[in-house]
Amino acid sequence: MLWSKLFIPTLREIPAEAEVPSHQLLLRAGYIRQLAAGIYSYLFLAQRSLLKIQQIVRQEMDAIGAQEVLLPALHPAEIWQESGRWDIMAENMFRLKDRFQRDLCLGMTHEEIAAVLARGELRSYKQLPQIWYQIQTKFRDEARPKSGLLRVRQFLMKDSYSFDLDQAGLDIAYEKHYQAYRRIFNRCGLEYMAVEALSGAMGGSQSHEFMVASEAGEDSVVFCQACGYSANLQKAVSQPALPSIDDPPGDLKPEPFHTPGRKTISEVAGFTALPETSQMKSLVLMADGKPVLVLLRGDHQLSEPKFAAISGDPEFRPAHPEEIREYFGASAGSLGPVGIKNMTILADRALAGRHNMIAGANRDDYHLRNVTLGEDFEAELHDLRQVAPRDECLHCGRELEIRKAMEIGHIFKLGYKYSESMGLRVLNAEGKEIPPIMGSYGIGIERILSAAIELYHDRDGMILPPAIAPFSVVVTPANNADAAQMSAAHDIYTKCLALGLDALLDDRDERPGVKFKDADLIGVPYRITVGKKLAGGLVELVERKTRKTTDVAAAEAAASVVQLIS
RNA sequence: CGGGCCGUGGCGCAGCCUGGCUAGCGCGCUUGCUUGGGGUGCAAGAGGUCCCGGGUUCAAAUCCCGGCGGCCCGACCA
């Protein structure tokens with residue numbers, strides 16, 4: 001295509017609202033424009049790149065036998081009420097009414113719709129397994145859209161749904177997706193990790209997230225360089241770093257002492273001259289309307305997802321001050337497990353085997369020393385803590401690393417949640433009605449582009465992997481006034497097209513500097529510069545990523561690019 | 001939902017605190033000349049409901065009240 005005819009509105013300056021690199025560059029390079037918070041128009045370059053990504057996704061989904069469909073984006077409320085998610089999705093779902101005042105919503109995901117389609121059509125085990133996928137616009141009324149295309153209210157998702165006769169079948173569908181996702185992200189040129197993840201509001205048993213390490217990400221991943229263990233911080237497990245000092249020996253009895261005004265762990269640690277690892281942290285949470293006392297080592301943080309899973313109440317909340325006073329007779333800051341009989345006590349495993357620790361005395365401004373789990377009080381032991389820096393890998397002992405990351409894909413073994421709630425049934429070989437088992441698998445299309453930009457850019461612009469760049473090569477005559485250069489550039493451009501390259505001819509009547517800057521900005525992987533060396537029959541082949549420049553014969557230029565890309 | 005910042009030609013900003021002439025600068029845009037290997041130089045132009053509504057005042061971009069919108073932090077997040 002001829003650049004002079006295209007609408008590629010590049011900006012010299014960074015729009016004030018853009019913070020993260022991908023957002024800044026998408027705006028500057030003329031890929032996107034904002035319509036409202038979390039809602040963007042995709043201009044020519046973005047659309048071109050997104051179509052390439054979608055094509056890769058399609059090819060790999062087709063390769064595992066998945067069938068492309070297109071489900072509605074507009075859903076009647078009843079479907080979501082059946083699964084119970086009409087309420088669960090709360091404010092995150094866009095809702096509207098039709099002219100008859102019937103409730104509708106815009107689809108934020110499609111488990112329900114896929115299940116409804118399946119229950120109307122699937123009758124026999126002979127029709128299984130099935131994998132249906134679509135690439136479609138999703139709508140989510142995010143509390144806080146941010147970071148350009150990273151968290152938006154309308155976006156493209158490849159989502160697929162598998163239906164199998166039994167667990168073994170689901171395992172196969174899951175593994176197929178896992179491998180297909182690896183191929184997709186590899187082909188898109190991304191460096192990524194597949195990590196263990198929580199299922200969240202999706203429900204289900206097993207789940208992996210595909211993550212790209214980036215400071216712009218909103219998640220944290222924990223991983224082990226030695227054995228390859230990796231998990232979302234929400235789910236990760238670890239061996240905690242040892243306490244800073246040994247516990248006092250002996251079987252000592254709890255003993256109250258005055259701690260005026262010392263409420264936080266660090267205040268009590270300072271006051272007692274004992275490290276935070278010697279303190280017992282007491283949290284009071286309300287789960288299913290009942291109080292639960294949670295105990296952690298002083299330096300540890302509660303993992304809210306783990307507590308939600310253990311308590312069975314995803315809607316749990318911290319107890320209010322009045323409730324704490326009612327149950328403990330003291331305020332937060334002086335709470336502890338000794339003498340507490342009126343509620344469940346959960347203790348983190350890091351407290352097992354510890355002796356003579358410091359805990360609140362359930363009397364304002366008093367704490368107890370010499371508190372020992374199993375002797376002075378009883379508690380259920382669970383993994384309740386969030387992995388912290390310096391923790392060790394549970395599998396191999398190596399120190400774990402924690403990094404910020406962005407999610408680009410997520411796969412779930414759903415189990416029977418939707419088949420049962422939505423009444424999906426097929427006859428098995430024995431003629432008995434059974435619910436199929438489901439899986440659900442998603443890829444954020446725009447996030448692949450955003451992640452690639454976050455990973456690969458420099459101060460001049462994007463450095464897109466060739467597979468997802470809007471163009472593979474740009475042919476740039478340095479001087480439009482030079483008829484020989486222009487004509488040679490045209491020839492090379494035509495040859496590129498003939499060889500199947502996505503080529504762009506920068507025929508704009510601009511100074512060479514402008515053309516070079518723009519080419520760098522929009523991230524075209526290769527540039528063929530037709531300039532003064534043409535007199536000697538040579539042109540320059542420049543690799544965007546390395547800036548490496550090679551002189552090649554004008555007649556060979558197009559073929560050289562083909563060679564580099566394949 | 002809590003906290004913070006911000007709305008002034010297409011973009012980046014100044015002016016506002018301390019109200020006052022015709023709202024200014026850089027970039028971009030148009031035209032002409034010039035230049036032609038990393039955002040060329042010169043000249044002449046076009047382009048603004050100062051987010052919206054109300055109030056105070058002789059006078060409001062500026063002060064006050066109320067909205068709307070955008071960004072960031074936190075909470076939330078399949």
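Here the structure is a predicted model, which is why all the values come from computation and not from measurement.
Between the side chain of A:Glu323 and the backbone N or O of A:His320 there is at least one donor-acceptor pair closer than 3.5 Å.
Protein atom CZ of A:Arg153 is 9 Å distant from nucleotide atom P of B:rG69, rounded to whole Å. At whole-Å resolution of the value, CD1 in A:Ile88 and P in B:rC77 are 12 Å apart. When rounded to the nearest whole Å, the span between CZ of A:Arg447 and P of B:rC77 equals 14 Å. For the pair A:Gln24 CD and B:rC71 C1', the interatomic distance rounds to 12 Å; values are reported in whole Å. In this structure, A:Asp482 atom CG and B:rU35 atom P are separated by 15 Å, rounded to whole Å. Atom CG of A:Leu302 is separated from atom P of B:rA75 by 13 Å (rounded to the nearest Å). Nucleotide B:rC72 holds its C1' atom 15 Å from the CZ atom of A:Arg151, rounded to whole Å. One atom, CG of A:Asp506, and another, P of B:rG36, lie 19 Å apart when rounded to the nearest Å.
Comparing B:rA44 with B:rC27, their P atoms sit 14 Å apart, to the nearest whole Å. One C1' atom belongs to B:rG3, the other to B:rU62, and the distance between them is 27 Å to the nearest Å. Taking atom P on both B:rG20 and B:rC11, the two are 26 Å apart, rounded to the nearest angstrom. Only the P atoms considered, B:rG67 is 13 Å distant from B:rC1, to the nearest whole Å. Going from the C1' atom of B:rG24 to that of B:rG9 covers 12 Å, rounded to whole Å. B:rG28 and B:rA23 have their P atoms separated by 25 Å, with the value rounded to a whole Å. Comparing B:rG26 with B:rU34, their P atoms are spaced 25 Å from each other, to the whole Å. Spacing between B:rC25 and B:rC50 at atom C1', rounded to whole Å, works out to 16 Å.
Remark: A:Glu111 engages A:Arg85 in a salt bridge, criterion side-chain N to carboxylate O under 4.0 Å. No salt bridge links A:Lys158 with A:Glu60; every basic N to acidic carboxylate O contact stays at or beyond 4.0 Å.
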Requested in this report: Fill in the dot-bracket string of RNA chain B, one character per base: . for unpaired, | for a pair to another strand, ( ) or [ ] for pairs within the strand, taking Watson-Crick or G-U pairs under 3.5 Å.
Outcome: ((((((((.[[[[.)....(...]]]].(((((.......))))).....[[[[[..)....]]]]])))))))....
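Screening A:Leu464, A:Leu45, A:Val474 for a side chain to side chain contact (heavy atoms under 4.5 Å, CB included) involving A:Ile522 leaves a single residue, A:Leu45.
Taking only side-chain nitrogens and oxygens, A:Arg144 comes nearer than 4.0 Å to OP1 or OP2 of B:rC73. Note on A:Lys146: every side-chain N or O is 4.0 Å or more away from OP1 and OP2 of B:rC77.
Two residues, A:Ala481 and A:Ala143, neighbour RNA chain B, and the one matched to the more 5' nucleotide by heavy-atom proximity is A:Ala481. Along RNA chain B, the nucleotide nearest A:Glu218 and the nucleotide nearest A:Ala18 are compared for position; the residue whose nucleotide lies closer to the 5' end is A:Ala18.
Remark: A:Glu68 engages A:Arg58, A:Tyr133 in a side chain to side chain donor-acceptor pair (under 3.5 Å) (not counting sequence neighbours). Residues satisfying the side chain to side chain donor-acceptor pair (under 3.5 Å) test with A:Gln167, not counting sequence neighbours, are A:Asp171.
Within the nucleic acid shown, A:Ala16 comes within 4.0 Å of sugar-phosphate atoms alone, with no base atom in reach, counting heavy atoms only. Nucleic acid contact for A:Asp141: none, since no nucleic acid atom lies under 4.0 Å from a heavy atom of the residue. In this structure, A:Phe155 reaches the bases: a heavy-atom distance under 4.0 Å links it to at least one base atom across the strands shown. Contact annotation for A:Ser147: backbone-only contact, meaning every heavy-atom pair under 4.0 Å involves sugar-phosphate atoms and none involves a base. A:Glu304 comes within contact range of the sugar-phosphate backbone alone, with a heavy-atom separation under 4.0 Å but no base atom that close.
Non-hydrogen atoms lying under 4.0 Å from RNA chain B are contributed by A:Gln34, A:Ala36, A:Ala37, all within residues 31-40 of chain A.
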Report task. Do nucleotides 37-46 of chain B as a string where each nucleotide becomes B, S or -: B if the base has a protein heavy atom under 4.0 Å, S if just the sugar-phosphate does, - if no protein is that close. Result -> BBBB------
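Both tests do not hold together for A:Arg153 against A:Phe139: distance to the six-membered ring centre under 6.0 Å, angle to the ring axis within 45°. Under the 6.0 Å distance and 45° angle rule, A:Lys138 does not count as a cation-pi partner of A:Phe155. Both tests do not hold together for A:Arg95 against A:Trp80: distance to the six-membered ring centre under 6.0 Å, angle to the ring axis within 45°.
The 12-atom threshold is exceeded at CZ of A:Arg119, counting heavy atoms of other residues, nucleotides or ligands nearer than 6.0 Å. For A:Glu91, the CD atom counts as loosely surrounded, since its 6.0 Å shell holds 12 or fewer non-hydrogen atoms of other residues, nucleotides or ligands.
Within the structure, every pair that satisfies the side-chain hydrogen bond (donor to acceptor under 3.5 Å, both in side chains) test and touches residues 511-524 of chain A, not counting sequence neighbours, is listed here: A:Thr10-A:Asp518, A:Asn480-A:Lys515, A:Arg508-A:Asp518, A:Asp520-A:Arg547.
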Query raised in the report: Going through the distances and angles, do A:Phe210 and A:Phe185 end up as a ring-ring contact (aromatic ring centres under 6.0 Å, His included)?
Result: CA-CA 9 Å; A:Phe210 292 80; A:Phe185 300 132; 5.5 Å; yes
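The ring of A:Phe412 has its center closer than 6.0 angstrom to the ring center of A:His410.
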